[in-house]
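Read through the structure below, which is laid out as structure tokens, and then see the notes.
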Amino acid sequence: MFVLTENYSVANHFLAELRDQQIQKDALRFRKNMERLGEIFAYEISKTLSYQNKDVITPLGAKITQQMSQQIVLVTILRAGLPLHQGLLNFFDKAENAFIGAYRGKHDEKESFEIEMDYITSPDIQDKILIISDPMLATGKSIEKAYHAMLRYGIPAKTHIVSAIASRRGVRFINARLPQCRLWIGDIDEEMNNKSYIVPGLGDAGDLAYGGKV
């Protein structure tokens with residue numbers, strides 16, 4: 001598992017602004033900061049990929065360079081995941097893309113819920129690098145369901161899961177249920193409330209990015 005806040009960097013500044021309830025009033029800035037995190041995650045993930053040598057001809061000669069040799073598929077959960085997804089896509093600009101419509105069902109009397117999924121579109125992912133992004137990793141249920149839903153399109157060579165903020169419980173859940181996947185997390189919070197929202201977290205990422213819903 002990789003956690004951005006384990007080291008000092010500009011990512012800590014972006015995360016701080018994402019959490020700040022005053023700065024959150026600017027939806028454009030919220031989306032931009034989430035997009036910036038996606039770019040940072042893409043750079044870090046790129047260090048784990050395979051590369052091949054290629055001769056590039058410049059105006060003054062030739063140079064042996066290294067270029068990525070693996071096809072990437074970026075997956076996000078609508079709608080909250082779109083800014084984070086865009087940041088990843090800014091760097092992995094030749095990636096294919098998949099989108100999943102998933103949301104929490106109604107809470108029951110025990111404050112538990114099931115993840116509802118009503119939309120998915122994806123390319124073939126067989127032997128490709130799969131990167132699933134969702135800004136908040138709370139219980140981990142939506143990520144687990146998204147991963148298994150993607151397997152109908154093939155078996156990826158490697159799967160990475162990217163979240164801006166995760167709960168400690170969600171991290172444990174994913175590590176136990178999806179040990180084949182590598183986690184890339186911005187920051188980890190220790191608590192969740194009785195509605196399974198991360199505390200202190202940052203609130204509803206989808207509403208903060210795109211406005212409230214009814």
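I155 places a side-chain heavy atom less than 4.5 Å from the side chain of Q126. Looking at Q70 and K158, their side chains never come closer than 4.5 Å, going by heavy atoms from C-beta outward. Taking the side chain as every heavy atom from C-beta outward, W184 and T48 approach each other to under 4.5 Å. When side chains are defined from C-beta on, I40 counts as touching V10, because their heavy atoms get closer than 4.5 Å. Side-chain contact between L18 and M34 is present, with heavy atoms from C-beta onward closer than 4.5 Å. In this structure the side chain of Q66 reaches within 4.5 angstrom of the side chain of N53, judged on heavy atoms. Counting only heavy atoms from C-beta outward, the side chains of I100 and M150 approach each other to under 4.5 Å. Contact annotation: the side chain of C181 approaches that of Y147 to within less than 4.5 Å [non-hydrogen atoms, C-beta and beyond].
Taken together through direct or relayed side-chain contacts under 4.5 Å among Ile, Leu, Val, Met, Phe, Trp and Tyr, Y51 and I131 form part of one hydrophobic cluster. In terms of hydrophobic clustering, with Ile, Leu, Val, Met, Phe, Trp and Tyr side chains grouped at heavy-atom distances under 4.5 Å, F91 and L74 are assigned to different clusters.
Remark: the backbone N or O of N12 is not paired with any side-chain donor or acceptor of T5 at under 3.5 angstrom. Side-chain atoms of R152 come within 3.5 Å of backbone atoms of A149 as a donor-acceptor pair (strictly under, hydrogens ignored). Looking only at distances, a side-chain donor or acceptor of S163 sits under 3.5 Å from a matching main-chain atom of D134. Q71 places a side-chain N or O within donor-acceptor distance of the main-chain N or O of K94, the cut-off being under 3.5 Å. No donor-acceptor pair closer than 3.5 Å links the side chain of E44 to the backbone N or O of L4. Counting only distance, with no hydrogens or angles, the side chain of D189 and the backbone of E191 share no donor-acceptor pair below 3.5 Å.
If you chain together ILVMFWY residues whose side-chain heavy atoms come under 4.5 Å of each other, L78 ends up grouped with L82, F99, Y119, Y210.
Between the OG atom in S167 and the CD1 atom in I174 there is a gap of 9.5 Å [rounded to 0.5 Å]. Expressed to the nearest 0.5 Å, how far CD of Q86 lies from OG1 of T76 amounts to 10.5 Å.
In the model, R172 has no side-chain atom that pairs as donor or acceptor with a side-chain atom of N175 under 3.5 Å. No hydrogens or angles considered: nothing links the side chains of S50 and S69 as a donor-acceptor pair under 3.5 Å.
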Point to revise | Candidate pair I165 and L15, rule side-chain contact (heavy atoms from CB on, under 4.5 Å), full reasoning | key: CA-CA 9 Å; I165 297 176; L15 280 161; 4.2 Å; yes
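Checking each of I45, T159, L49, V73 against I129 for a side-chain contact (heavy atoms from CB on, under 4.5 Å) leaves exactly one that passes, namely L49.
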